[in-house]
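If you read the sequence from its start, that first residue is 1, and numbering goes on from there. Atoms within each ligand, like the ligands themselves, are counted from 1 in listed order.
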Amino acid sequence: MTIITKPNTNSEQIAIIQARVADFGLQTTVVRRSQNTVLCLIGDAKRLPDGVFSDLDFVEAVKFVSKPYKLVSREFQQEDTVVKVKGVPIGGKAIQIIAGPCSVETPEQMQASAEAVVAAGALFLRGGAFKPRTSPYTFQGHGEKGLEYLIEAASEYDLPVVTELMDVRDIDKFLKYGVDVIQIGTRNMQNFQLLKEVGRLDVPVILKRGMSATIKEWIMSAEYIAACGNTNIILAERGIRTFESAYRNVLDVSAIPFLKRETHLPVIVDPSHAGGQSWIVPALSHAAIAAGADGLLIESHPNPAQAWSDGEQALTPQELKTLMDELRIVARARGRDLGQSNVVQANAHRLKDLTKQQYAA
Ligand code: PEP
Ligand code: MN
């Protein structure tokens, strides 16, 4: 059960609701949102008599949500959530492409990556500064320096940035550099402490699916973030582990329509970590958009052969541009289009002449 208050309900009024619930041996989790406060009941709602809050005029509604995930479920909220990042919507009609390298390597590599993103017409730059690597003997990311290179390259074109947070102790750095979207990677999908902390921030979060997580576990992780007050959550399917070993992971296309039905959150797809090889990325991207994804998170690199991580799955700048052109057609078949931004387009003239020639249509 969820108890939704009217806007501007104060803490004394919240305490009245909590006390009333406590009379029946129950507790609540209090979720303060910009528009109102929601109290999610902990315990058996059947213990509460009908109309138990009817005399409280600051209670807007009482909703029974049968699903274990409350705030992020479609049952709780019918309208799609649209997450606005620097004015660019994720979710809704437009499809957003986020592209950039696996790891932030050098200022020059990031500059070239940002140029490739703008030249292709994508609106977000990705790049990992803190890298979760399988081996401790491979490049772990530049850490704070990486955030600096990423932000510097992106600011040239006003591109919003997406980068992975692995440790609660780094949150201050992410805030200091003004990271636009925090990515929680597959390996941390159930790092509940991390989820709770990003839930307290006013920064949108991309929550990747754990590589062996069920959809229910994944949505429950999104609920952790929402239950701490941050409902600007984007779910990212990035492939799961199965018996199949021919490619890096198996892209669960079924997850896309399933999540869109089950939750009101935007759903994006990472075809790069699913496929693991660059040649397969376009096919998986087409499939994702055809299945209703709200965006893609794609790895691209100015020189994939020289990449410090995941080079085999990175698209070249030209491949990224070609893919974007194909995606426009697939998007149209779904009655959608790729996102456009006047800000980024206005910055395209800053592309170096060389880059302009290279990507000339
Ligand atoms: C990444 O996006 O760079 C990454 C490490 O992804 P994942 O968490 O899906 O493996
Ligand atoms: Mn990667």
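- The nearest protein atom to atom 5 (C) of ligand 1, hydrogens excluded, is given as Glu164 OE1, 3.7 Å; this is a heavy-atom distance.
- Summary of contacts: the protein heavy atom closest to atom 8 (O) of ligand 1 is Thr186 N, 2.8 Å.
- Proximity of the aromatic rings of Trp308 and His142 is defined here by a centroid distance below 6.0 angstrom, and this criterion is met.
- Heavy-atom distances between Arg209 and ligand 1 stay at or above 4.0 Å for every pair.
- To the nearest 0.5 Å, atom CD1 of residue Ile182 and atom CD1 of residue Ile206 are 10.5 Å apart.
- Using 4.0 Å as the threshold, Met211 has no heavy atom nearer than that to any atom of ligand 1.
- Listed for the Arg200 side chain is no donor-acceptor partner under 3.5 Å among the backbone atoms of Cys228.
- For atom 3 (O) of ligand 1, the nearest non-hydrogen atom from the set Arg248, Arg126, Met166 belongs to Arg126.
- Taking a cut-off of under 4.0 Å to the non-hydrogen atoms of Gly185, the atoms of ligand 1 that pass are 8 (O).
- Distances from the Mn ion (ligand 2) to each N, O or S atom of Asp310 single out OD2 as the nearest.
- His286 and Glu326 form a side-chain donor-acceptor contact under 3.5 Å, judged by distance and modelled atom types alone.
- At a 3.5 angstrom cut-off on N or O pairs, Arg187 counts as close to ligand 1.
- Here the straight-line distance linking atom OG of Ser272 with atom NE2 of His301 works out to 13.0 Å at 0.5 Å rounding.
- Protein heavy atom closest to atom 1 (C) of ligand 1, with residue, atom name and distance, is His273 CE1, 3.2 Å.
- Considering only heavy atoms from C-beta on, Ile98 stays 4.5 Å or farther from Leu125 through its side chain.
- Just one residue in the list Val181, Val104, Ile151, Leu150 forms a side chain to side chain contact (heavy atoms under 4.5 Å, CB included) with Thr163, and that residue is Leu150.
- From the protein, the heavy atom lying nearest to atom 6 (O) of ligand 1 is Lys208 NZ, 2.8 Å.
- Between Phe130 and Phe174, the distance from one ring center to the other falls under 6.0 angstrom.
- Nearest non-hydrogen protein atom to atom 9 (O) of ligand 1 is Arg238 NE, 2.6 Å.
- Closest N/O/S atom of Glu299 to the Mn ion (ligand 2): OE2.
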